[in-house]
Novice: 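The structure follows.
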Amino acid sequence: MTGVLAVIAKAPVPGRVKTRLCPPCTPEQAAYIAESALRDTLACVQVTPAARRVLVLDGEPADWPELDGFEVIAQRGEGLAERLASAFADIAAPAFLVGMDTPQLRPRHLGDGLAALRLTDAVLGPAADGGYWGIGLRNADAAVFRGVPMSLPTTADAQRTRFAELSLSSSDVHVLEDVDTVDAALRVSALAPRTRFAAAVAAALVSAGAGA
């Protein structure tokens, strides 16, 4: 079982993405940072062995070269939990799915997620803030996300509890930091200095004095 690698993301439209970076960023700068993070993520998925690569998108894709080899499907549902459940249902195969907020992602992180999915029913990539940056399921099941509060410091723990309630074997892979705040953006760009994301952060946040 090689598995599917998937990315769930919002189209980087000013005013709809990375709003917690404003200020010091303008909505346009925040959107460019989000686009850069997404393109870095897609580029990482692009070079990681997988049976299929899927972008689950809210909005319209741009003509990014990093999308070569991807299927693009629309997000469905209200709220993140329902959209995650729909993504796995639409993929309809064992899949490891990541967001667009970890541009420091490397192929080994994704490869380890797929490898863990060969051994367990579910896999979680925990985030440093208590959420998670990645989740893998062998079988799509909307019940996996039912009642799990999203975007909270307790989200990862609640997701693990839900796995156990459904008698799903599970394992964790690498802890990574999500980019939600200015401080996180600066830390992550330092971890991945050669990425599009780091260049976008340097152009926006550092020039605005946020890195002082």
Side-chain angles (χ1 to χ4, degrees), residues 5-48 55-62 64-67 75 79-80 83-84 96-110 112-113 124-135 149-156 159 172-212:
L5 287 175
V7 180
I8 188 166
K10 288 182 180 179
V13 176
R16 294 195 66 234
V17 291
K18 291 284 169 277
T19 55
R20 291 175 65 187
L21 301 183
C22 305
C25 290
T26 66
E28 290 74 20
Q29 288 172 324
Y32 183 62
I33 289 172
E35 177 182 342
S36 299
L38 175 55
R39 292 182 66 180
D40 285 335
T41 303
L42 294 173
C44 181
V45 173
Q46 199 175 48
V47 299
T48 304
L55 173 62
V56 188
L57 188 65
D58 176 8
E60 295 299 321
W64 300 311
E66 295 85 1
L67 265 181
Q75 290 185 27
L80 180 55
R83 288 172 181 246
L84 286 169
F96 187 68
L97 178 147
V98 304
M100 60 185 285
D101 294 333
T102 49
Q104 73 276 39
L105 201 64
R106 292 293 178 264
R108 66 184 177 89
H109 299 132
L110 298 172
D112 286 351
L124 207 62
D129 62 4
Y132 55 82
W133 58 268
I135 183 168
M150 294 292 160
S151 304
L152 294 177
T154 56
T155 296
Q159 189 66 75
D172 284 6
V173 288
H174 309 267
V175 178
L176 297 178
E177 183 168 17
D178 279 342
V179 174
D180 290 316
T181 65
V182 169
D183 287 345
L186 292 168
R187 286 193 296 270
V188 170
S189 65
L191 290 173
R194 297 183 180 180
T195 56
R196 289 179 178 275
F197 173 81
V201 168
L205 297 181
V206 177
S207 65

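Everything numeric in this text was worked out from a predicted model, so none of it was measured. The analysis underlying the following values was restricted to heavy atoms, covering all of them including side chains, and did not include hydrogens, waters or symmetry mates.
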Novice: Could you give the distance from OG1 (Thr19) to CG (Leu21), rounded to the nearest 0.5 Å?
Specialist: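 With rounding to 0.5 Å, OG1 (Thr19) is 8.0 Å from CG (Leu21).
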Novice: Just by distance, do the side chain of Ser189 and the backbone of Ala185 share a donor-acceptor pair under 3.5 Å?
Specialist: yes
Novice: Donor-acceptor check, side chain of Thr181 to backbone of Ala184, threshold 3.5 angstrom: yes or no?
Specialist: yes
Novice: Quick one: closest heavy-atom pair of Leu67 and Pro61, and the distance?
Specialist: CD1-CB, 3.8 Å
Novice: Can you measure from OG1 (Thr102) to CG (Leu191) and round to the nearest 0.5 angstrom?
Specialist: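 Atom-to-atom, Thr102:OG1 and Leu191:CG are 11.5 Å apart.
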Novice: Can you see which heavy atom on Lys10 is nearest to which on Gln75, and at what distance?
Specialist: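 The answer is N-NE2, 4.4 Å.
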Novice: So which heavy atom on Ala31 is nearest to which on Pro12, and how close?
Specialist: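 Smallest interatomic distance, heavy atoms only, reads O-CB, 3.5 Å.
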Novice: Do any N or O atoms from the side chain of Trp133 and from the backbone of Gly125 form a donor-acceptor pair under 3.5 angstrom?
Specialist: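 Here the side-chain-to-backbone pair exists.
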Novice: Between Val188 and Glu177, which heavy-atom pair has the shortest distance, and what is it?
Specialist: CG2-O, 3.9 Å
Novice: To the nearest 0.5 Å, how far apart are CG in Leu57 and CG in Leu38?
Specialist: 7.5 Å
Novice: Is there side-chain contact between Val45 and Leu42, with at least one heavy-atom pair below 4.5 Å?
Specialist: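 No, too far: nothing below the 4.5 Å cut-off.
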Novice: Side-chain contact test, heavy atoms from C-beta onward, threshold under 4.5 Å: evaluate it for His109 versus Gln104 and give yes or no.
Specialist: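 The answer is no; the side chains never approach within 4.5 Å.
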Novice: Taking all heavy atoms of Val7 and all of Gly99, pick out the closest pair and write down the distance.
Specialist: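 Shortest heavy-atom contact: CG1-O, 4.0 Å.
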Novice: As an exercise, state the distance from CZ of Phe197 to CG of Asp40, rounded to the nearest 0.5 Å.
Specialist: 8.5 Å
Novice: Considering residues at least two apart in sequence or located in another chain, which fulfil the side-chain contact (heavy atoms from CB on, under 4.5 Å) criterion with Asp101?
Specialist: Lys18, Asp178, Asp180
Novice: Distance from Leu176 atom CG to Leu105 atom CG, nearest 0.5 Å?
Specialist: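 Going from the CG atom of Leu176 to the CG atom of Leu105 covers 6.5 Å.
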Novice: Flag the pair Cys22 / Gln29 as yes when at least one side-chain heavy-atom distance between them is below 4.5 Å, and no otherwise.
Specialist: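 No; the side chains remain at least 4.5 Å from each other.
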Novice: Is there a side-chain contact between His174 and Arg106 (heavy atoms, below 4.5 Å)?
Specialist: no
Novice: To the nearest 0.5 Å, what is the distance between CD on Glu28 and CD on Glu35?
Specialist: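 Glu28 CD to Glu35 CD: 13.0 Å, rounded to 0.5 Å.
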Novice: Count the heavy atoms belonging to other residues, nucleotides or ligands that lie under 6.0 Å from OH of Tyr132, then report whether that count exceeds 12.
Specialist: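 Count over threshold, so yes.
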Novice: Could you report the tightest heavy-atom contact between Val47 and Pro107, atom names first, then the distance?
Specialist: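 The pair with the smallest heavy-atom distance is CG2-CG, 3.9 Å.
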